[in-house]
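Letters go in sequence order (proteins before strands), and every chain restarts at 1.
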2 protein chains.
Amino acid sequence: MFNSQLEQAITSSDKTFIKLRYAIVEGEIAAGSKLSEAELSTKYTVSRAVIREAINRLESCHLVERKANVGARVVSLSPNGLVELYQIRESLEGMAARLAAKNMTSNEIEELNQLLESHANKVEQEGSYYQEAGDVDFHYRIILGCKNKQLISLLVDGIYHLVRMYRVQLGMSGPRITTAFDEHKHIVSAIQNRDEELAEMLMRRHIMYSKNNIANKLV
Amino acid sequence: MFNSQLEQAITSSDKTFIKLRYAIVEGEIAAGSKLSEAELSTKYTVSRAVIREAINRLESCHLVERKANVGARVVSLSPNGLVELYQIRESLEGMAARLAAKNMTSNEIEELNQLLESHANKVEQEGSYYQEAGDVDFHYRIILGCKNKQLISLLVDGIYHLVRMYRVQLGMSGPRITTAFDEHKHIVSAIQNRDEELAEMLMRRHIMYSKNNIANKLV
DNA sequence: TTTTACCAAGTTGTCGACAATCTAGTCTTA
DNA sequence: TAAGACTAGATTGTCGACAACTTGGTAAAA
């Protein structure tokens, strides 16, 4: 029992999958480019079987598209694809907020409030911090708070990496900092009041706004 | 160009994946049971690589769960899992209905009306037909009508097989036939009026009702 | 008796080689 | 010249074998 602290074994495929996912999300591997199994196999010094397994998993995250006997390509980003993605996010995270209002413990809600406070301080001091880590962290906690395992997996393992890919590669970090912060506060307060209807509605609006904000920049 | 009509090659892995998925959804392979690679490999007379690829894809449909160095098991069905699944369905299909109200062509809406009519006739004649094929067909068309490719893939390739697995294995086909039919009619009429808000709301209610109907039978 | 260490059988993970398929370029033919 | 068939090269799909790991049971030690 040497790795009992890990609780789950990490295979070579796992590591390669994570490396590739990172490279794609961060744009090190360009959107739309081809993923050659042989090439990647030499680059990461693993067998083609490992690469294939990693690519399969990337495909199930919708980060690459595979055609039989032809190969895999990184998905190409498009304004339309971004809109599609945010429609899904609006729907699923809205539901997550609704369920969070029902299922989060008082403790978790308290921690969420503390998170907002600490972010408020950082915004005062540094001015710009919020958008990146703060926003992700906030949404992440609400997603976990919904207590629906399948929904959590759908968002965390799947959609969020795609969202992040769009954010990184289309360079999104504009203003909207304080606005988004206020929206976050209202969402938490709805959750605290156990108002499921309102929590869902506010979360959907919040995501819609940030979609519009992004879409405007693209055009 | 012999298979130009197929438009996409079908590999051995594809076929095995589809066979396995069918076997799992229909309960031929019991929920919760282990999937031995060696065993399946001899049963379907393909190599272990093919089986592994098929199992990977089943995992990304959430039909099986895999642990490194241990193996894959078919997901086990639980009342809680069903509720979770229907919460996701409610959220995503609600959005699909909203988008369908915006994006379906008049032609598609006309065909949808014809579908309902033909079902109405069958219900009159045979009484019970509706639940199975009819319901699936109806939801399927609205999903396709939303024109959001990522949403379509999420529902058709992923969630719907899980829904069907629950339906088949927990034996759902009770009454609710005529009730569901009326709900369908109202949804179509909202889509026809291009009332996005109402279409989404009605679809969500429709799925909530059928969830409650099922959940009651389970307890 | 209980705990721990160890071993053996079986399962999954990884590898390199071969087979099947696609693609681009060349050549033939109308 | 343009359309189609063919070939060569490269890429992906499939296979069987070996390595690494897990698991259940046995035996030794407290």
Side-chain angles (χ1 to χ4, degrees), chain A residues 1-21 23-24 29-30 32-76, chain B residues 1-21 23-24 29-30 32-76:
Chain A
M1 280 300 196
F2 288 115
N3 64 348
S4 66
Q5 58 221 1
L6 284 179
E7 186 54 58
Q8 56 178 346
I10 303 280
T11 69
S12 178
S13 297
D14 290 327
K15 284 186 277 189
T16 309
F17 164 63
I18 292 174
K19 282 183 202 169
L20 275 176
R21 186 177 63 186
I24 290 174
I29 300 178
S33 64
K34 182 149 193 299
L35 293 177
S36 158
E37 296 182 0
E39 195 177 315
L40 295 172
S41 153
T42 60
K43 178 172 179 184
Y44 291 92
T45 53
V46 291
S47 76
R48 263 186 60 219
V50 171
I51 296 291
R52 279 176 70 80
E53 170 130 3
I55 289 181
N56 280 334
R57 290 203 230 168
L58 291 171
E59 189 190 13
S60 60
C61 298
H62 300 272
L63 285 171
V64 315
E65 287 167 349
R66 238 184 47 166
K67 274 188 205 161
N69 291 310
V70 174
R73 307 192 82 87
V74 178
V75 294
S76 44
Chain B
M1 280 300 200
F2 288 117
N3 64 347
S4 66
Q5 59 223 357
L6 286 179
E7 185 55 56
Q8 55 179 345
I10 303 281
T11 69
S12 179
S13 297
D14 290 327
K15 284 187 275 188
T16 310
F17 164 63
I18 292 173
K19 283 183 200 169
L20 275 175
R21 186 177 64 186
I24 289 174
I29 301 178
S33 64
K34 181 150 192 301
L35 292 178
S36 159
E37 296 182 359
E39 196 178 314
L40 294 173
S41 154
T42 59
K43 179 171 177 184
Y44 290 92
T45 51
V46 290
S47 77
R48 263 185 61 219
V50 170
I51 297 291
R52 279 177 70 80
E53 170 131 1
I55 289 181
N56 279 335
R57 290 204 230 167
L58 291 170
E59 189 189 14
S60 58
C61 299
H62 300 272
L63 284 171
V64 317
E65 287 165 350
R66 237 184 47 166
K67 274 189 206 161
N69 291 309
V70 175
R73 308 194 81 87
V74 178
V75 295
S76 45

Restricting to side-chain hydrogen bond (donor to acceptor under 3.5 Å, both in side chains), what partner residues turn up for A:Thr11, sequence neighbours left out?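 Scan of A:Thr11 (side-chain hydrogen bond (donor to acceptor under 3.5 Å, both in side chains), adjacent residues dropped) gives A:Asp14.
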Testing the basics here: between B:Ser60 and A:Ser60, what is the closest heavy-atom pair and its distance to 0.1 Å?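 B:Ser60 and A:Ser60 have their closest heavy atoms at CB-CB, 3.0 Å.
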For A:Arg73 against A:Gly32, the heavy-atom pair lying closest together: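 Between these two residues, the closest heavy atoms are NE-O, 3.1 Å.
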For the residue pair B:Asn56 and A:Arg57, establish whether any side-chain heavy-atom pair is separated by less than 4.5 Å.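 Sidechains of A:Arg57 and B:Asn56: no contact.
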Does B:Arg52 pair with A:Glu53 as a salt bridge, N-O distance under 4.0 Å?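 Answer for the salt bridge query: yes.
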d(CG, A:Asn56; P, C:dG13) in whole Å: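 These atoms are roughly 13 Å apart.
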Looking at A:Leu35, A:Leu63, A:Val64, which hits side-chain contact (heavy atoms from CB on, under 4.5 Å) with A:Ile29?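 By the side-chain contact (heavy atoms from CB on, under 4.5 Å) criterion, A:Ile29 pairs with just one of A:Leu35, A:Leu63, A:Val64: A:Leu35.
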Once each nucleotide of nucleotides 10-17 of chain D is scored for protein heavy atoms under 4.0 Å, what B/S/- sequence comes out, 5' to 3'? -SBBBB-B
To the nearest 0.5 Å, how far apart are CG in A:Leu20 and CD1 in A:Ile55?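 Here the interatomic distance stands at 7.0 Å.
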So which protein nitrogen or oxygen atoms get under 3.5 Å of nucleotides 7-9 of chain D's nitrogens or oxygens?
none

Applying side-chain hydrogen bond (donor to acceptor under 3.5 Å, both in side chains) as the test, list every pair that has at least one member in residues 38-48 of chain A; sequence neighbours left out.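 Every side-chain hydrogen bond (donor to acceptor under 3.5 Å, both in side chains) pair that includes a residue of residues 38-48 of chain A, provided the two are not neighbours, is A:Glu37-A:Arg48.
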